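The structure appears below as structure tokens.
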Amino acid sequence: MLPPKPLLFHSSSTTQHHPSFVGFLIILILLFPTLTNADCHHEDQDSLLSFATNFSNLNWSAAIDCCSWGGISCDDKGYRVVGLSIPERGLRGAIPSSLQNLSSLSFLNLSHNFLTGPLPDGLFSSFKNLHTVDLSYNRLSGGLPDTLPSTLRFLNFSSNQFNGIIQTASLQSLQSLITLNISNNSFTGSIPPSICSTSPALVILDFSLNDFSGDIPQGFGACSKLEVFSLGFNSLTGKIPTDINGVLSLRQLSLPGNFLMGEISESIANLTNLRSLVMFGNMLSGSIPRNIGKLSLLEKLELHINRFNGTLPLSLMNCTKLKLLNLRVNSLGGRLSDLDFSNLSQLSIVDLGENQFSGVLPKTLLSCRSLTAIRMATNKLEGEIPPDILELPSLSFLSLSNNTFKNITQALNTLSSHKKLTTLILSLNFYQ
Ligand SMILES: *[C@@H]1O[C@H](CO)[C@@H](O)[C@H](O)[C@H]1NC(C)=O
Ligand SMILES: *[C@@H]1O[C@H](CO)[C@@H](O)[C@H](O)[C@H]1NC(C)=O
Ligand SMILES: *[C@@H]1O[C@H](CO)[C@@H](O)[C@H](O)[C@H]1NC(C)=O
Ligand SMILES: *[C@@H]1O[C@H](CO)[C@@H](O)[C@H](O)[C@H]1NC(C)=O
Ligand SMILES: *[C@@H]1O[C@H](CO)[C@@H](O)[C@H](O)[C@H]1NC(C)=O
Ligand SMILES: *[C@@H]1O[C@H](CO)[C@@H](O)[C@H](O)[C@H]1NC(C)=O
Ligand SMILES: *[C@@H]1O[C@H](CO)[C@@H](O)[C@H](O)[C@H]1NC(C)=O
Ligand SMILES: *[C@@H]1O[C@H](CO)[C@@H](O)[C@H](O)[C@H]1NC(C)=O
Ligand SMILES: *[C@@H]1O[C@H](CO)[C@@H](O)[C@H](O)[C@H]1NC(C)=O
Ligand SMILES: *[C@@H]1O[C@H](CO)[C@@H](O)[C@H](O)[C@H]1NC(C)=O
Ligand SMILES: *[C@@H]1O[C@H](CO)[C@@H](O)[C@H](O)[C@H]1NC(C)=O
Ligand SMILES: *[C@@H]1O[C@H](CO)[C@@H](O)[C@H](O)[C@H]1NC(C)=O
């Protein structure tokens, strides 16, 4: 038998189909009647209907194939339910244990609802292929489940009221984990030390906004794919573990709002993929690493409210992608005009307030045309306010308060013709 010509499928002028092709279609339809009006697996349908009885706003109807219900997706055969995605549906109450019977589920998204209470016992014990769980932005409480499926890759429990300590055993099976976000909960106890040896494929780790305490353990060096490491706003103490500086994939290192002490190691310069280094609100001391300029992709450097001293490293001016530089409230000093800011063409916000910087406002800083905000308040800066400031087309915020600038007539003459400036603070200057 001749195969039908491909032309048959394309040409709109062809009205006559090859007889053997038509026959083939009829045989197909006769052989697989169920393919044309398949229904999902009865157990999946029962579980979903049972699940829906707990929520008044799920309008699933048994008269329709459950694979066509809103928020449900099925496998290629239209048989097993593999995805349940019902975020932002105003679901209220506890998660019913009927969810457990969806044994083929691989994707679960219940984010942005009003779910409360602990997770049902053994919720995660029956799923064989579950890879994504998003329960974020609910009001769920209780601890992490004792066991989580080894197939899990993306786990988002963030912005809930989960609490308790993280048992190492809960995480032990997660060899494939890529994202773990448990930010914005009430977890306590120490940061689990072995997470990178059990889950070496981790890319995102967000433990921020909890009540974790104790030192940050060594061991994160084993997460060789980690890009985001976020432990901010906990009660962590001790020093920054140095093995983190071996995680060359790191793009964001975020440890603000803790009680960390000691220095930032010079070996941080190994992290040449770093875009964001955020460690404000700690008790860090010593000088800013001299070789920080090796971080040539750095966009955000936030080290404010610490105890750093010494001068700014000259190499900082090699971080030419910098957009945000905040070093406010430290004990940094030295003549600002010794630095050449002119390569920082992306710099938008610079805050060096409450330090001991001296000298004049550097002209090179006023050549950074992207600047929108400058704060230099409470330093030892002097001289006149250079007219170059008029060359900054987007500057809207300028605070130079509590320095020793002089000639207020000149300052006001200059600044009054700036078009964009909306906030200007010059108090505690002009003593002559
Ligand atoms: C879940 O499965 C169990 C056993 O397979 C069964 O006894 C139970 O009725 C099922 N529950 C639902 C809601 O389908
Ligand atoms: C069920 O609810 C969804 C969203 O609330 C709506 O889009 C859909 O039309 C409803 N379906 C039925 C059959 O009422
Ligand atoms: C879950 O749904 C929300 C929409 O509310 C979406 O922002 C989020 O990305 C989804 N989660 C996953 C894992 O796709
Ligand atoms: C779900 O509804 C059933 C029947 O109304 C009830 O017995 C069960 O406790 C509810 N489950 C949850 C988690 O609220
Ligand atoms: C939860 O985390 C997952 C994995 O990182 C992400 O895809 C999802 O968008 C997050 N959910 C929300 C609501 O942001
Ligand atoms: C973790 O989830 C929170 C919201 O709950 C979100 O703000 C944060 O960006 C997420 N972390 C990462 C690294 O995506
Ligand atoms: C933390 O969670 C609360 C409650 O869900 C939410 O309103 C808030 O926006 C979250 N904060 C962050 C930073 O994600
Ligand atoms: C990082 O850089 C330092 C030099 O600053 C070097 O001694 C160290 O071996 C490098 N590697 C790691 C993993 O820290
Ligand atoms: C910085 O402070 C330390 C004490 O924390 C001190 O030993 C050191 O001399 C100071 N360095 C400078 C340059 O002031
Ligand atoms: C800045 O980078 C250039 C080119 O890579 C290099 O020659 C120079 O030594 C660096 N400057 C500092 C202060 O590190
Ligand atoms: C002004 O600066 C001095 C140190 O130079 C500081 O002690 C004082 O608190 C500052 N005043 C204000 C109002 O910030
Ligand atoms: C202040 O600046 C103006 C120019 O704007 C100049 O004429 C004047 O002499 C200066 N005053 C002092 C005391 O330097």
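Order of appearance sets the numbers: ligands from 1, and atoms from 1 within every ligand. Computed from a predicted model, the values in this text were never measured in an experiment.
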Could you check if a side-chain atom of Asn181 sits within less than 4.5 angstrom of a side-chain atom of Leu155, using non-hydrogen atoms only? no

Looking only at N/O atoms, are Ser183 and ligand 6 under 3.5 Å apart anywhere? no

Can you pull out the closest protein heavy atom to [atom]? Residue, atom name and distance to 0.1 Å, please.
atom: atom 5 (O) of ligand 9; value: Asn309 ND2, 4.6 Å
atom: atom 9 (O) of ligand 6; value: Asp206 OD2, 4.6 Å
atom: atom 13 (C) of ligand 11; value: Leu428 CD1, 3.7 Å
atom: atom 14 (O) of ligand 6; value: Asn181 ND2, 4.1 Å
atom: atom 4 (C) of ligand 11; value: Thr378 CG2, 4.4 Å

Specify whether the nearest protein heavy atom to atom 2 (O) of ligand 9 is under 4.0 angstrom away. yes

Tell me whether atom 11 (N) of ligand 6 lies less than 4.0 Å from at least one protein heavy-atom position. yes

Verify the distance criterion only: is there a donor paired with an acceptor across the side chains of [X] and [Y] at less than 3.5 Å?
X: Asn407; Y: Glu384; answer: yes
X: Ser265; Y: Ser267; answer: yes
X: Ser103; Y: Arg80; answer: yes

Ion pair check, Arg275 and Glu299, cut-off under 4.0 Å: no

Between Asp388 and Lys363, does any side-chain N to carboxylate O distance fall below 4.0 Å? yes

With a cut-off of 4.0 Å, which atoms of ligand 6 are near a heavy atom of [X]?
X: Ser159; answer: 4 (C), 5 (O)
X: Tyr137; answer: 4 (C), 5 (O)
X: Ile204; answer: 13 (C)

Which word best sums up how the rings of His131 and Phe154 line up, parallel for under 30°, tilted for 30 to 60°, or perpendicular for over 60°? perpendicular

Among Ser208, Ser230, Ser159, whose side-chain hydrogen bond (donor to acceptor under 3.5 Å, both in side chains) with Ser183 holds? Ser208

Quick one: does Val228 get within less than 4.0 Å of ligand 6, heavy atoms only? yes

Are any of the N/O atoms in Asn402 less than 3.5 Å from those in ligand 11? yes

Asn379 heavy atom under 4.0 Å from ligand 11: no

Find out if the SG atoms belonging to Cys74 and Cys67 lie under 2.5 Å from one another. yes

